[in-house]
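Okay, structure first, notes after.
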Amino acid sequence: MLIIKDLESGYGKVNVLKKINIEVPKNKVVTLIGANGAGKTTTLRTITGMIKLTSGHITLNGKSIDNFPSYKVACLGLAHSPEGRRVFPSLTVFDNLQLGAFPRLTGSRPRGDFKGDIDRAMELFPKLKERRNQLAGTLSGGEQQMLAMARAIMLNPDIILLDEPSMGLAPILVEEVFKIIARLKAAGTTMLLVEQFAVGALNIADYAYVLENGRISMHGPASKLKNDPAIKAAYLGGH
Amino acid sequence: MRFKFLALAAGIIILSLFPIFQTNTYYIHMVERILIYSILLFGLDIVVGYTGQVSLGHAGLFGVGAYTAGILYFKLGVPFLIILPIAVIVSCLFGALLALPALKVVGPYIAMVTLAFGTIIQILINEMTFLTEGPLGIIIKKPIIFGFQTKEIHYYWIVLAISALSLVVINRILKSRLGRSFEALRDSPVACDCMGVSVYKYKVYAFIISAGFAGLAGSLYAYSEQYISPNTYVFELTVLFLLAIIMGGRKTRLGAIIGAAIVITLPQLLGDVKLFRIVATALAFVVVAGSALLISKKMSTVRKVAVPVIGTVGLMAFSYLIKNISDWRLSIFGFMILLVVYYLQDGIVGFVNNFYMRIFSSKKSARDQIDVGNFDKDDAIISAKNSSAPDQLLNLKSVLMQFGGLKALHDVDLIVKKGTIHGLIGPNGSGKSTLINVLTGIYVPTSGTVEFSGSSIVGKVSAKIALSGIARTFQNVQLFNEMTAIENIMVGLNHTYKSNLFEIALNLPRFKREELAAKQRAYGLLKFVGLEELANEEARNLTYGKQRLLEIARALALDPNLLLLDEPAAGLTAPDIKELLLIIKKIKDKGITIILIEHHMEVVMAVSDVVSVLDFGQKIAEGKPKEIQNNPKVIEAYLGAQTT
Amino acid sequence: MDIFVQLIYSGIALGMIYAVVAFGYQLTFSTSATLNFGQGEALMLGSMVGLTLSNLGINYWLIIPLVCVFGFLQGTVVEYLGVRPAIKIKSEFGWIMSTIALGIIFRNFAENIWGRSTFRFPGPFEDDPIKLFGANILPMEILVVLGAVSMMLLVEIFNRKSIYGKAVVATANDRDAAGLMGINTGLVITFSYALSSLTASFAGVLISPLTLAGSGAGGALGLKAFAVAIVGGLSSGLGIVVGGIILGVSETLTGFYVSTGYKDVPSLIILLIVLSFKPAGLFGKTTIKKV
Amino acid sequence: MIRKTNKFVLAVCVLFASIIASTSFAQTIKIGVDGPFTGGSSSMGVSMRDGVRLAAKEINAAGGVLGKKLELIERDDEAKNERGVEIAQELINKEKIVAVVGFINTGVALASHRFYQDAKIPVINNVATGTALTKGPSFPFKDAKDVFVFRTSARDEIQSPMIVNEAITVRGFKKVAILADSTNYGQLGQADLIKALAAKNITPVTTEKFNVGDTDMTAQVLKAKSAGAEAILTYAIGPELAQIANAMAKVGWKVPLIGSWTLSMANFIDSAGKNGEGAIMPQTFIQAPTTPKRKAFIEAYLKEFKPKNDRIDSPVSAAQGYDSVYLLAAAIKQANSLEGDKIRLALEDLKTPVVGVVKTYNKPFTKDDHDAITDKDPVMGIVKNARVVAAKGQK
């Protein structure tokens, strides 16, 4: 579905990513773990064109999306739930969800069953239903994360990139977020999950990549990496 | 330093000999005006280059200086040597007046406030006929100094001397703690406040100093032109000043001089179509050749250089097409601004620097040696053990923080004992960061009391609170990015200085002593967190983990009794976290009390003496780490079943 | 009393012009946090193009849509040349200087094309004033007020109701996130500039029959409108209408009761006072700073 | 650091090289032309420049002066005083001009004249009318031995009594309001008007001021109206004058508009439209072929510069500009020298009459009187059908 080959990119003159290769097959959940500053978010931002790639290739469904602007990538069916949630604070929950489906409503993607999808999203995230007409800026952190994920789903995407969905959430909410990811996985959604909370990510993913200083230092089936002593020491420390 | 000094001396000698070789007063006068503009630009650069504000009001301040001189001369017959200092003082007062509203706002608002200010000054000059003679203007004669009537050439030397003096003074100011504070408030106003460097105060300083130079330039200008009238000090002049600054290059005195030279010669150049054709052709040639060189060295692409090349070649073609240049003056002027803003962002000086480095070498110039002195790394931190603070260092009583309908903190009581590490945990949005912001004066609580060291801090500004002994780090690192590691810490050491502006300008012994002491201690603090090797590295080039450590070192520079650490372990790898724990313990050993916000339970549990748990703005539990981990309320709200 | 009413009328008509131009500032500020410092020049260009069309014998009512199209294109040019590069390099200094520069260039071109004189712009009505509550008011002044209000209402409705309008708001909230929703944010910003210049051009055609058209007419209006935008708040539509009327009326009253030389002073002082005590404007929402 | 030194030296060198780029040798007689060619008063400046160009072209076509061609060094002062000062220094020191003609704005003229005076270079003011430029208590060179400033325009001291005469004597008004702009031009003119009114024992019911560029004159007009004025006397330039006329129409009040010669500017007549009809002003020249010289001038001007509707934007400026060059050429010829002092002496004692557009100049200047236009020369013009024509009872 999504293939990243020899990708290099970064801010200014410094390349943060150095020739990384990642592959996300259809209907699978792939996770990218690593410390802050390793380049996880940079990878996702490069995929959706917020950062220019300096070399390498990204293909989505066999089509090159190198340096495509964000909106074009979205119209091709890739949803990205960004780090820090980034909901639209001065719009209502409903408006946020509607904008999630912007390409569908403006003819860039098939419209599908928009009303039904709204209802399904509300079902998946019951808290949003209560707050349908509330401004997104007034939601709590956990609710905003739910909204961000629901908004991504509203695109009817082929693949979802989730950037640090657990960041800054209380352990109890982290659990809930991972439960939802599990439900999405069960429904066959293709996902690339970036996480710092490595235990949770490795538990849920099919395959995992470890990013260290802009390089893929290790990759393999998640179940295998989970038991790797080096990974345990570096990322699974206290948990 | 020596080379710079020699260059300055050579420049002054050449310029002072200039009128002897070139006796045409037209050119003497032109260089004189360049020097006068340079003085203003030195000052404007403090505001634009260092504190990063766009001021559109400097023409007004320039006018204040000119009119102070004009009025004193015309109405009272005050002599030149007395007029100059008065003009500077009056302009400083106006600068302070301008700073008051400008302080409250940021970005385009500041540009507009300063523009409005400049417009009001112009209107006042125009309307207050009883004082300023209104649109008629004032005619001034060249000054008489000690009974000697100066002529153009003498006045030229006076201006040269004053501008050289201004150059030295401004250099000293910008190299000192003042310059550092100006840059710090540009990079991160919040961190600046929390380091005890009041953004408010230093913005006022910046505007006042800047206004002083503008006033000095204005008064010299009045005598130089021998005629002043209101419609000189208009918006276009401000734009011209800004063009000079960006074209010459920000944060460099040489840039200011080059910028001044360009804007002065520009109207002459644009008045003569033949000369303009020559210059446009030369410019096109330089840009084309430079681009070709860059492309051949693979340092740029055809696409990147296309716009400047097309622009300058187009300008050349245009210059041959038109018959009457004066009709198109303003377009060319605007076109130059566009070109400079986007293709010469670092100005001519910056561009030449970069070009030089890219073509001839890529090595950075040698680092300044730091005289490290005899500071041991542990001595750099001043122990808080002997402080007279009460045992209950911090005491919060029913604190309420309300944003609109949202209660971010709701009836929070909290006591932090001296010398302890107090953990603070809770879900995101539970009010932890809000609490820190209340403690550092960024938010003023809606109600409740906050006592630190026995006195209330409610309503005090951040800088005051910081100086009373509360230091902090930030959830999202807030360093002064364009400053080096050691300079970052020296901003934190701002409170150790007692010398004033006067002492800085004259480089008096006390100031020198203080500067050396601060540098040595800053180095010691860097050593404490293990960053001494990176002392001269710009903060933005440090890795994330190192930035966090630098932030802690900077906080320690404040000699705090209480240190607030906001998620210091976020984003650190396991080995980094171990190092961090060690540092936290060492800080505690110095008797400094710590409030630690963290999501990493192992960090909180390992070092905390007491842990408080917040949820929805309320404190739901408090106790020893062990107790907290087993508290059912905490497990339900925060920890969840999975962690034990 | 008649004179007082007369001054109020003049002030309101003047204020509504300021408000329309100020509205243009609001449009671009909300999407990209940038402003066109050459907004006054956009207005001037609108009126000069309108005048040219009028000289060709085109009816006033037909000129309005034509000039709006022109303004739309002009705004696109400003955004493309002046603002886009600045947004790319995140340079505040950049867009302030480049929009000022573009303003200067536009004015100079206008001077070279249409000359430096001021011209009479034939309005759709006779110049004969109507008596209303004991004071005179020109039909054109009524049209200015109605035109300004309806223009602002139209844009507001568009932003609140249509999905495209919501996309504009989303871009204003968070440009990166809006991009991820499949919204072409670059286009939205360009569009906001185009719309902003369109309103300015429209205002140009509206006021020229009252104030004369000339290549030098832009600058002062741009500054006043900015004062209005800030006094009213860059985020509040109601704010700029009120702000415009406050400034317009204060100007005519000062001109009559104090001295016409000082008529610009109260508005600028109001501006400074508002910024000192309520930086977000009288009707703007103060945002909570996050650390 | 060494590099920094090099760069500094380099920068200084470049600076000097550009400055020392020198001027060419004089094979021509360089005449400076200073006026606003851009901005609000540019219609006067450009008309003046065109008049000057026309005269220079004719003189050069006839073989020039003293065997040399006249070369015009034109500089746009943008109606800004400080630009005038800069230009003065440039023309004198860099261009080494022989004499200068021009000056539209009294302020610019006041600010720059003393540089020419100090350099002993003759100036012929051909448009600016502020009395203080050549006469009166605030004349800056009243104590100087030799004065180098001459004038071919009707100074305010001449115009004001004519305006007052028209309002008070001819039309019999008792209550008049003065509206003047805030520039030197307006304010000095206003002072002259008040003086002229005082001579007839009348004080204006109100005097109002406005800035150049103001678009709403309602307040000023209302003040005049509520003060009961029977006529408005003006001292301002075209665009603002039009705003006055329009504001009067707006408040539904119509009284005669009588003012300085600028009421003949095209941008007043066009912008005010029907509201400007009937405005009355003193004129040294009306675009009408009343003499052969005038006929030839108008035809040549129209052919050369093709103004819109065959109407010169500012006929007075064009004619006075044209005449100033002929006067200067005559003086240079008579002095047989390019020295400023000799030209001045020749101007003060011109032996042969010069046939100009405004009039035939027979000994126009003397040592003590540097004004070529006397109170007998101007006539009153009136705006009729968008053109200035001679007012009734005038030739």
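Protein chains get the first letters and strands the later ones, always in sequence-line order, with residue 1 at the start of each. Below, all heavy atoms of this structure are taken into account, side chains as well, without hydrogens, waters or symmetry copies.
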Return the minimal non-hydrogen interatomic distance between D:Phe103 and D:Met48, and the atom names on each side. N-CE, 4.4 Å
Look at C:Tyr9, C:Phe256, C:Phe121 and state which one has the largest set of heavy-atom pairs under 4.5 Å with chain D. C:Phe256
Name the region of D:Ala272, side chain, backbone, both or neither, that has any atom closer than 4.5 Å to a heavy atom of chain C. backbone
Heavy-atom proximity to chain D below 4.5 Å, by part of C:Glu141: side chain
Applying ring-ring contact (aromatic ring centres under 6.0 Å, His included), name anything that partners C:Phe70, two or more places apart in sequence or on another chain. none
Could you tell me which portion of D:Thr218 (side chain, backbone, both or neither) has an atom closer than 4.5 angstrom to a non-hydrogen atom of chain C? side chain
Tell me the closest heavy-atom pair linking C:Thr252 and C:Ser10, and the distance in Å. CG2-CB, 3.9 Å
Validation row: D:Ser264, D:Phe285 side chains within 4.5 angstrom (heavy atoms): no
